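Contents: one structure, followed by commentary.
Keep in mind it's a predicted model, so treat the numbers as computed, not measured. Computation of the quantities below employed the complete heavy-atom set of this structure, encompassing side-chain atoms and omitting hydrogens, waters and symmetry-equivalent molecules.
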Amino acid sequence: MSETLQAVRGMNDVLPDQAAAWQLLERAAREIFAQYGYREIRLPLLERTELFKRSIGEFTDIVEKEMYTFRDRGDDSLTLRPEATAGIVRACMSNGLLHNQRQKVWLMGPMFRYERPQKGRYRQFHQIDVEALGFPGPDVDVELILMTARLWRVLGLRGLRLHLNSLGTPASRVVYRAKLVEYFRAHAAVLDADSMRRLDGNPLRILDSKNPALAAVIAGAPLITDHLDAESAAHFATLCSQLTGAGIDFVVNPRLVRGLDYYSRTVFEWVTTDLGSQDAVCSGGRYDGLVEQLGGEAVPAIGWALGEERIVELLRLQGLARDEGGPDVYLVLAGPAAEAVGLGLAERIRDGAPGLRVETNCGGGSFKSQLKRADKSGARVAVIIGDDEASRGVAAVKALRGREAAQREVSFDELAAELGRELQAQPA
RNA sequence: GUGGACGUAGCUCAGCUGGUAGAGCUCCGGGUUGUGGUCCCGGCGGUCGUGGGUUCGAGCCCCAUCGUCCACCCCA
């Protein structure tokens with residue numbers, strides 16, 4: 001509990017008991033990405049601060065007050081990445097991956113934002129991120145959403161709802177934004193302080209307010225869906241009909257806006273009611289103008305990111321995070337002669353039956369406590385060796401879970417084959 | 001950044017109007033010279049988050065600080 005031994009605030013340890021759920025999620029995601037033909041990209045955690053200012057937007061909360069920014073020894077301003085898209089776009093540009101090419105990539109890893117920690121919100125958190133660059137859509141928009149739906153299906157997650165909206169093009173948004181500001185100014189009397197502040201910076205975000213006192217004003221506000229340019233409207237209509245055709249349920253939520261400036265047209269968000277106030281589990285959108293904005297050619301693109309901590313928590317809440325870390329076989333070594341042969345014998349079992357997980361008792365302990373450990377480990381079979389067995393070159397094989405045959409002696413030479421036959425024939 | 005609740009053993013928690021810290025689980029040993037999952041007995045384990053203050057005396061009261069949780073905010 002000493003102060004010096006604590007982890008940094010908002011940065012969590014993932015302990016062995018929790019790691020199974022993370023592996024479950026990451027393994028499922030990797031398999032799905034491979035199924036869709038998306039390839040992994042791995043990037044630095046640090047980028048030049050300028051990149052995030054120019055992509056996320058200089059006057060967003062993320063850039064204004066949430067970034068871990070510092071100067072390195074060469075006096076360059078660097079920032080720990082607060083999200084993945086900017087780095088991916090930068091990497092594709094600086095490596096020429098967008099020159100007459102299209103890219104479908106994914107990335108997973110830690111992101112950093114200096115926020116007040118809360119359930120589902122941490123200063124170091126982990127995202128799984130997917131981006132498709134060079135595709136105008138809406139077909140690829142559908143594909144990306146299908147990918148997320150498949151992930152929930154594979155994991156067995158229930159209760160996620162898809163919200164969908166279109167933000168139109170920057171040009172159409174300017175028109176809408178002006179109307180919105182005009183509307184809210186007319187109702188300035190009822191707005192709260194947060195909303196007044198947003199009125200200049202990011203008026204669309206007022207639509208997102210959770211303040212119940214504003215519900216009525218917001219409900220009466222002009223809808224962005226009524227102010228889309230023709231192309232965006234067509235894009236959105238096709239997206240919706242193809243999703244319906246693919247059997248994906250969604251709700252059109254005209255008040256869904258995103259906190260990052262680079263989004264255009266399609267935006268979506270998977271939400272849950274199980275996590276309290278941090279209810280967005282996965283969200284994404286199209287950013288057709290970003291590459292050009294960063295100095296490249298005009299390249300349409302879309303992507304999404306999910307919060308691993310939030311998904312892992314859902315897996316836990318829904319009882320889907322099973323731990324498969326336990327061994328199949330536990331070696332009990334009673335006495336010095338047994339300890340002398342134990343590790344070598346365990347190696348022979350691993351050689352002869354590579355599919356088995358074999359744990360050797362380390363650190364001694366009484367016979368009774370070794371058997372207790374064998375039981376607690378979840379192993380189905382205990383291989384018991386005392387000094388007597390060690391001198392005769394045999395082991396006692398004891399079933400720990402019922403069903404299997406009673407205890408018997410097996411010679412060291414036959415042990416691997418015997419265990420392999422017995423345990424692989426009837427998986428747990 | 002704002003508001004609120006809470007920090008006692010590795011874990012979950014009890015602890016009276018302030019009187020000098022307990023239980024269950026876990027772990028170790030024994031009951032059964034070598035047979036677990038049930039049971040019984042014993043043991044290990046705490047500067048009561050940290051630092052100050054009040055008091056004869058503080059786990060309990062006060063202040064500060066760190067952390068966790070909830071809401072706002074933000075967003076994955």
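Within a heavy-atom distance below 4.0 Å of RNA chain B, no residue of residues 12-27 of chain A is found. Against RNA chain B, the stretch residues 368-376 of chain A makes heavy-atom approaches under 4.0 Å through A:Lys368, A:Ser369, A:Leu371, A:Lys372, A:Arg373, A:Asp375, A:Lys376. Of the residues in residues 42-70 of chain A, those lying under 4.0 Å from RNA chain B by heavy-atom distance are A:Asp61, A:Glu66. Within a heavy-atom distance below 4.0 Å of RNA chain B, no residue of residues 141-155 of chain A is found. For residues 115-131 of chain A, proximity to RNA chain B is found at A:Glu115, A:Arg116, A:Gln118, A:Lys119, A:Gly120, A:Arg121, A:Tyr122, A:Phe125, A:Gln127, defined as any non-hydrogen atom under 4.0 angstrom from a strand atom.
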Margin query: For Watson-Crick and G-U wobble pairs within 3.5 Å on both distances, what is RNA chain B written in dot-bracket notation, | included for inter-strand pairing?
Written below: (((((((..((((.....[..)))).(((((.......))))).....(((((..]....))))))))))))....
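Atom NZ of A:Lys210 is separated from atom P of B:C73 by 6 Å (rounded to the nearest Å). Computed from coordinates, the A:Asn211 CG to B:A71 C1' distance equals 12 Å when rounded to whole Å. Whole-Å rounding puts the A:Glu309 CD to B:U68 P distance at 14 Å. The nearest whole Å value for the distance from the CD atom in A:Glu313 to the P atom in B:C69 is 10 Å. Taking atom CD of residue A:Glu339 and atom C1' of nucleotide B:G34, one finds them 14 Å apart after rounding to whole Å. Rounded to an integer number of Å, the gap from CZ of A:Arg408 to C1' of B:U35 is 16 Å.
For A:Asp413 and A:Arg348, the salt-bridge test passes: some basic side-chain N is under 4.0 Å from an acidic carboxylate O. Salt-bridge annotation for A:Lys179 and A:Glu182: absent, with no side-chain N of the basic residue lying under 4.0 Å from a carboxylate O of the acidic one. Using a 4.0 Å cut-off between a side-chain N of Lys or Arg and a carboxylate O of Asp or Glu, A:Glu359 and A:Arg373 do not qualify as a salt bridge. Between A:Glu347 and A:Arg350 there is a salt bridge, since a side-chain N of the basic residue sits under 4.0 Å from a carboxylate O of the acidic one. Contact check on A:Arg401 versus A:Asp375 returns a salt bridge, with a Lys/Arg side-chain nitrogen under 4.0 Å from an Asp/Glu carboxylate oxygen.
In this view, A:Tyr122 satisfies the ring pair (Phe, Tyr, Trp, His ring centres under 6.0 Å) rule with no residue, not counting sequence neighbours. Qualifying ring pair (Phe, Tyr, Trp, His ring centres under 6.0 Å) partners for A:Phe184, counting only residues two or more places apart in sequence or in other chains: none. Qualifying ring pair (Phe, Tyr, Trp, His ring centres under 6.0 Å) partners for A:His227, counting only residues two or more places apart in sequence or in other chains: A:Tyr176. By the ring pair (Phe, Tyr, Trp, His ring centres under 6.0 Å) test, A:Tyr114 is found to be paired with A:Tyr68, residues two or more places apart in sequence or in another chain being considered.
For residues 19-41 of chain A, the pairs satisfying salt bridge (charged side-chain N to carboxylate O under 4.0 Å, His left out) are A:Glu40-A:Arg42, with sequence neighbours left out. For the side chain to side chain donor-acceptor pair (under 3.5 Å) condition, the pairs that include at least one residue of residues 363-372 of chain A, sequence neighbours left out, are A:Asn361-A:Gln370, A:Ser366-A:Ser369.
At least one cation-pi condition fails for A:Lys376 and A:Tyr330: the charged atom is not both under 6.0 angstrom from the six-membered ring centre and inside a 45 degree cone around its axis.
Annotation: side chain of A:Val397 is not in contact with side chain of A:Val329 (no heavy-atom distance under 4.5 Å).
A distance of about 29 Å separates the P atoms of B:A71 and B:U50, rounded to the whole Å.
In plain terms, the two heavy atoms of A:Leu256 and A:Asn165 that are nearest each other are O-ND2, 2.9 Å. In terms of heavy-atom proximity, A:Ile41 sits nearest to A:Ala91 at CD1-CB, 4.3 Å. Closest heavy-atom contact between A:Gly335 and A:Asp387: C-OD1, 3.3 Å.
In terms of position along RNA chain B, the nucleotide closest to A:Tyr114 lies nearer the 5' end than the nucleotide closest to the other residue of the pair A:Gly307 and A:Tyr114. If A:Arg198 and A:Gly276 are placed on RNA chain B by their nearest nucleotide, the residue sitting closer to the 5' end is A:Gly276.
The side chain of A:Ser277 contributes an N or O atom lying less than 4.0 Å from OP1 or OP2 of B:C72. For A:Arg205 and B:C75, the shortest distance from a side-chain N or O to OP1 or OP2 is below 4.0 Å. Close to B:C75, at under 4.0 Å from its OP1 or OP2, lies no side-chain N or O of A:Arg310. Checking the phosphate oxygens (OP1, OP2) of B:G30, a side-chain nitrogen or oxygen of A:Ser366 falls inside 4.0 Å.
Note on A:Gly364: nothing from the nucleic acid sits closer than 4.0 angstrom, heavy atoms only. As judged by a 4.0 angstrom heavy-atom cut-off over every strand, A:Ile384 is placed among the base-contacting residues.
Among A:Lys119, A:Glu313, A:Arg310, A:Glu309, the one residue that satisfies the side-chain hydrogen bond (donor to acceptor under 3.5 Å, both in side chains) test with A:Gln278 is A:Arg310.
Between atom CD of residue A:Gln242 and atom CG of residue A:Asp139 there is a gap of 7.0 Å, rounded to the nearest 0.5 Å.
Scanning atom types as modelled, no donor and acceptor separated by under 3.5 angstrom connect the side chain of A:Gln407 and the base of B:G36.
Between A:Tyr183 and A:His187, the angle of the ring planes lies from 30° to 60°, which puts this pair in the tilted group.
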